[in-house]
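Reading through the structure tokens given below for one structure.
Counting begins at 1 with the first residue of the sequence.
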Amino acid sequence: MHRIEVDAEVDLLSENKRLARENREFLKKHGIKAVNIMGAIGSGKTLLIEKTVDALRDIRVGVILGDVVCKADYERVQKHDVLAEPINTGKECHLDAHLIHHSIQKFSDVDLILIENVGNLICPVDFDLGEDVRVVMVSVTEGDDVVEKHPEIFRLADVIIINKVALAEFVEADVEKMVEDARRLNPNAKIIRMDLKKGVGFDEWLEFLRGVLNVSGNSG
């Protein structure tokens with residue numbers, strides 16, 4: 001027998017929105033900005049976080065790392081002497097506001113929370129976490145059609161990072177096609193061409209974060 005439980009899905013998303021509002025109120029009360037970083041496994045999210053916490057030593061940063069089962073990303077980031085919290089979702093392919101609701105209580109003394117979402121480009125779309133900024137990170141090695149194949153997550157993004165651009169010629173990926181696809185889907189998003197291993201686009205990312213925090217300073 002085929003069953004469709006539409007009411008349960010509506011209730012789930014409604015409850016998520018309520019908890020997201022509570023998360024947003026908590027963050028506002030404590031003067032914290034939260035950045036939700038989404039992207040597929042291998043896009044470069046963890047390396048971006050590692051480099052960011054190293055560069056923003058003059059800012060109090062906390063990190064929440066979501067994954068289905070293991071704590072490998074958490075263990076990597078923790079080595080950078082930063083307050084970090086792992087979340088394992090079990091079978092779920094996304095973080096939700098309820099999971100974040102418990103974790104952010106431990107971050108009341110930071111200025112910025114970087115949230116690494118579970119690695120995929122589909123499931124996180126429906127779940128507002130209460131964040132201030134949504135980032136989607138993709139790499140050229142995922143194929144230059146990855147943006148047009150996953151339109152919803154790019155439509156909702158504030159920042160779109162196209163990573164590993166130095167590898168584009170080796171994997172026959174057209175970076176400008178990815179940029180054009182992103183602009184067509186979301187003309188208001190900030191688009192950053194990046195290669196973390198080469199340092200490309202990283203300063204632009206830090207400048208954006210400092211703008212979100214409304215601070216200036218030496219990021220080196």
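- Ionic pairing of Lys177 and Glu180 is not present here: no N-O contact between side-chain nitrogen and carboxylate oxygen is shorter than 4.0 angstrom.
- Cluster annotation: Val125 and Ile160 are assigned to the same hydrophobic cluster (Ile/Leu/Val/Met/Phe/Trp/Tyr, side-chain heavy-atom contacts under 4.5 Å, transitive).
- Taking 4.0 Å as the cut-off between side-chain N and carboxylate O, Lys190 and Glu204 count as a salt-bridged pair.
- Salt-bridge check for Arg21 with Glu25: failed, with every basic side-chain N at 4.0 Å or more from each acidic carboxylate O.
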(request) In sequence, state the C-alpha distance, the side-chain angles, and the governing distance for Gln105 and Phe26, and then conclude on side-chain contact (heavy atoms from CB on, under 4.5 Å). (result) CA-CA 8 Å; Gln105 311 299 323; Phe26 174 88; 3.5 Å; yes

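- A salt bridge is defined here as a Lys NZ or Arg NE, NH1 or NH2 lying under 4.0 Å from an Asp or Glu carboxylate O, and Glu176 with Arg183 fails to meet this definition.
- Here the CG-CG distance, from Asp174 to Asp145, works out to 11.0 Å after rounding to the nearest 0.5 Å.
- The shortest distance between side-chain heavy atoms of Met137 and Met194 falls below 4.5 Å.
- Leu19 is not connected to Ile113 by any chain of hydrophobic side-chain contacts under 4.5 Å among Ile, Leu, Val, Met, Phe, Trp and Tyr, and they are in different clusters.
- Note that CD of Glu131 and CG of Leu27 are 9.5 Å apart. Values are rounded to the nearest 0.5 Å.
- The distance from the CG atom of Asp96 to the CG atom of Leu99 is 4.0 Å, given to the nearest 0.5 Å.
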(message) Could you go through Leu196 and Glu50, starting from their C-alpha distance and side-chain angles, then the distance that decides it, and tell me whether this counts as side-chain contact (heavy atoms from CB on, under 4.5 Å)?
(response) CA-CA 11 Å; Leu196 285 170; Glu50 289 178 295; over 6 Å; no

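- Surrounding CD of Glu207 are at most 12 heavy atoms belonging to other residues, nucleotides or ligands under 6.0 Å away.
- The backbone N or O of Ala97 sits less than 3.5 Å from a side-chain atom of Asn23, completing a donor-acceptor pair.
- In the model, Thr46 has a side-chain atom that pairs as donor or acceptor with a side-chain atom of Glu116 under 3.5 Å.
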(message) Quick one, Asn88 with Asp67, criterion side-chain contact (heavy atoms from CB on, under 4.5 Å). Give me CA distance, side-chain angles, the key distance, then yes/no.
(response) CA-CA 5 Å; Asn88 281 150; Asp67 215 330; 4.0 Å; yes

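- Taking CZ of Arg184 as the start and CG of Asp181 as the end, the distance is 5.0 Å to the nearest 0.5 Å.
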(request) Before giving the answer on side-chain contact (heavy atoms from CB on, under 4.5 Å), spell out for Arg134 and Ile153 the whole-Å C-alpha distance, their side-chain angles and the decisive distance to 0.1 Å. (result) CA-CA 9 Å; Arg134 278 189 166 198; Ile153 200 166; 5.9 Å; no

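- Tested against Val140 for a side-chain contact (heavy atoms from CB on, under 4.5 Å), the candidates Asn163, Ile162, Asp195 yield a single pass: Ile162.
- Using a 4.5 Å heavy-atom cutoff, the side chains of Arg193 and Val179 are in contact.
- Looking only at side-chain heavy atoms (C-beta outward), Ile87 and Tyr74 stay at 4.5 Å or farther from each other.
- A 4.5 Å side-chain heavy-atom check between Ile59 and Leu209 finds every atom pair outside the cut-off.
- Residues Leu213 and Leu83 fall into different hydrophobic clusters, defined by Ile, Leu, Val, Met, Phe, Trp and Tyr side chains chained together at heavy-atom separations under 4.5 Å.
- Here CD1 of Ile37 is found 5.0 Å from CG of Leu114. Values are rounded to the nearest 0.5 Å.
- Between Ser103 and Glu85, the shortest heavy-atom contact is OG-CG, 3.7 Å.
- Residues Leu47 and Val165 do not share a hydrophobic cluster, clusters being chains of Ile/Leu/Val/Met/Phe/Trp/Tyr side chains in contact below 4.5 Å.
- Salt bridge Arg155/Glu152: present, at least one basic N to carboxylate O contact under 4.0 Å.
- No single ILVMFWY cluster, assembled from side-chain heavy atoms under 4.5 Å apart, contains both Ile161 and Met178.
- Between Asp128 and Arg24 the shortest side-chain heavy-atom distance falls below 4.5 Å.
- Ring planes of His98 and His102: perpendicular class, angle over 60° (limits at 30 and 60°).
- The side-chain heavy atoms of Ile64 and Ile104, taken from C-beta on, include a pair separated by under 4.5 Å.
- Minimum heavy-atom separation, His150 to Ile122: CD2-CG1, 3.9 Å.
- Here Asp81 does not pair with Arg57 in a salt bridge; the nearest charged N to carboxylate O distance is not below 4.0 Å.
- Side-chain contact between Thr89 and His94 is absent, with no heavy atoms from C-beta onward closer than 4.5 Å.
- To the nearest 0.5 Å, the span separating CZ on Phe208 from CH2 on Trp205 amounts to 6.5 Å.
- With salt bridges taken as basic N to acidic carboxylate O contacts below 4.0 Å, one links Arg60 and Asp111.
- Minimum heavy-atom separation, Gly39 to Leu121: CA-CD2, 3.8 Å.
- Side-chain contact between Val61 and Thr52: absent, with no pair of heavy atoms (C-beta onward) separated by less than 4.5 Å.
- The two residues Ile115 and Ala34 come nearest to each other via the heavy atoms CD1-CB, 4.4 Å.
- The heavy-atom pair separating Leu185 from Pro151 by the smallest distance is CD2-CB, 3.7 Å.
- Here the shortest heavy-atom pairing between Glu142 and Ala40 reads OE1-CB, 3.6 Å.
- Side-chain polar atoms of Asn117 and Asn36 form a donor-acceptor pair below 3.5 angstrom.
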